[in-house]
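Report on the following structure.
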Amino acid sequence: QVQLVESGGGLVQAGGSLRLSCAASGSIFSINAMGWYRQAPGKQRELVAIVTSSSRTNYADSVKGRFTISRDNAKKTVYLQMNSLKPDDTAVYFCYVQWGMRDLWGQGTQVTVSS
C-alpha cells in the first residue's frame, strides 16, 4: 500500500505564502519524479512544478520566480514553497509521483488566495 499524504493548503491573502508538503508512505521505491499539479474549478489540471530523481526541475511559466519545489529523498517527501501568491493561484493542488510505470496522485489540498 502506497499513499500520498498532502498538507499545507489553506486560505491566504494575495502576496502571502504557503508551503505544501506531500509525503509518500509505504514501500515506495524507484521514484522517477515527484511534483505538483493544480486544478481550478471548471478547468483542466495543469503542471505546476516537478522534480525528477536526477534533481531536474520544471515549472509552469506562471509560477516561475514565485514557487520553489524541493524534495527530501530520505523522507520521501516533496515540498512546494509558494510565495507572492495571486488569486489566480487558487486551485486544488495535487501531489504527483511517477513510480516506475505508475502514476500516483494525492487527494488534493485546497489553496485559496483572496484579493
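As a basis for the values below, the full set of heavy atoms in this structure was taken, side chains included, without hydrogen atoms, waters or symmetry mates. As the structure is a computational prediction, the values presented were derived from the model and not from experiment.
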*Member of Thr109, Asp89, Thr90 meeting the side chain to side chain donor-acceptor pair (under 3.5 Å) criterion with Arg38*: Asp89

*From CA spacing to verdict: side chain to side chain contact (heavy atoms under 4.5 Å, CB included), Thr68, Tyr79*: CA-CA 8 Å; Thr68 302; Tyr79 306 91; over 6 Å; no

*Is it true that atom CD of Glu46 has more than 12 heavy atoms of other residues, nucleotides or ligands lying nearer than 6.0 Å?*
yes

_Same apolar cluster: Ile31 and Leu20, side chain cutoff 4.5 Å_ = yes

*Say whether Leu4 and Tyr96 are linked into one hydrophobic cluster, either directly or through other cluster members, by side-chain heavy-atom distances under 4.5 angstrom.*
no

*Give the minimum heavy-atom separation between Lys75 and Thr77, together with the two atoms involved.*
O-OG1, 2.9 Å

_Hydrophobic clusters here meaning ILVMFWY residues chained together by side-chain heavy-atom distances under 4.5 Å, can you tell me if Val51 and Val63 are in one?_
yes

*Which atoms form the tightest heavy-atom contact between Ser7 and Ser21, and what is the distance?*
OG-OG, 2.7 Å

*Drop me the distance from Cys22's SG to Trp105's CH2, to the nearest 0.5 angstrom.*
11.0 Å

*Single-linkage hydrophobic cluster, 4.5 Å side-chain cutoff, Leu80 and Val113 together*: yes

*Locate the shortest heavy-atom distance separating Gly8 from Leu18; write the atom from each residue and the value.*
O-CD2, 3.8 Å

*Between Ser53 and Asn32, does any side-chain donor sit less than 3.5 Å from a side-chain acceptor?*
no

*Run the numbers on Asn73 and Arg71 for side chain to side chain contact (heavy atoms under 4.5 Å, CB included), then give the verdict.*
CA-CA 6 Å; Asn73 291 334; Arg71 65 184 295 174; 2.8 Å; yes

*Around Gln110, counting heavy atoms of other residues, nucleotides and ligands shown, do more than 12 lie under 6.0 Å from its CD?*
yes

_Under 4.5 Å between side-chain heavy atoms, counting indirect links through other Ile/Leu/Val/Met/Phe/Trp/Tyr residues: same cluster for Val2 and Val78 or not?_
yes

*Please answer whether the main-chain N or O of Gly108 pairs with a side-chain N or O of Glu6 as donor and acceptor at a distance below 3.5 Å.*
yes

_Can you give me the closest heavy-atom contact between Ala40 and Ala91, atom names plus distance?_
N-CB, 3.8 Å

*Exercise: identify the closest heavy-atom pair between Ala60 and Leu47*: CB-O, 3.4 Å

*Got a second to check how far Ser70's OG is from Met34's CE, nearest 0.5 Å?*
10.5 Å

*Spacing of OH belonging to Tyr59 relative to CD1 belonging to Ile50, to within rounding of 0.5 Å*: 11.5 Å

*Test of ring centre spacing under 6.0 Å for Phe94 and Trp36*: no

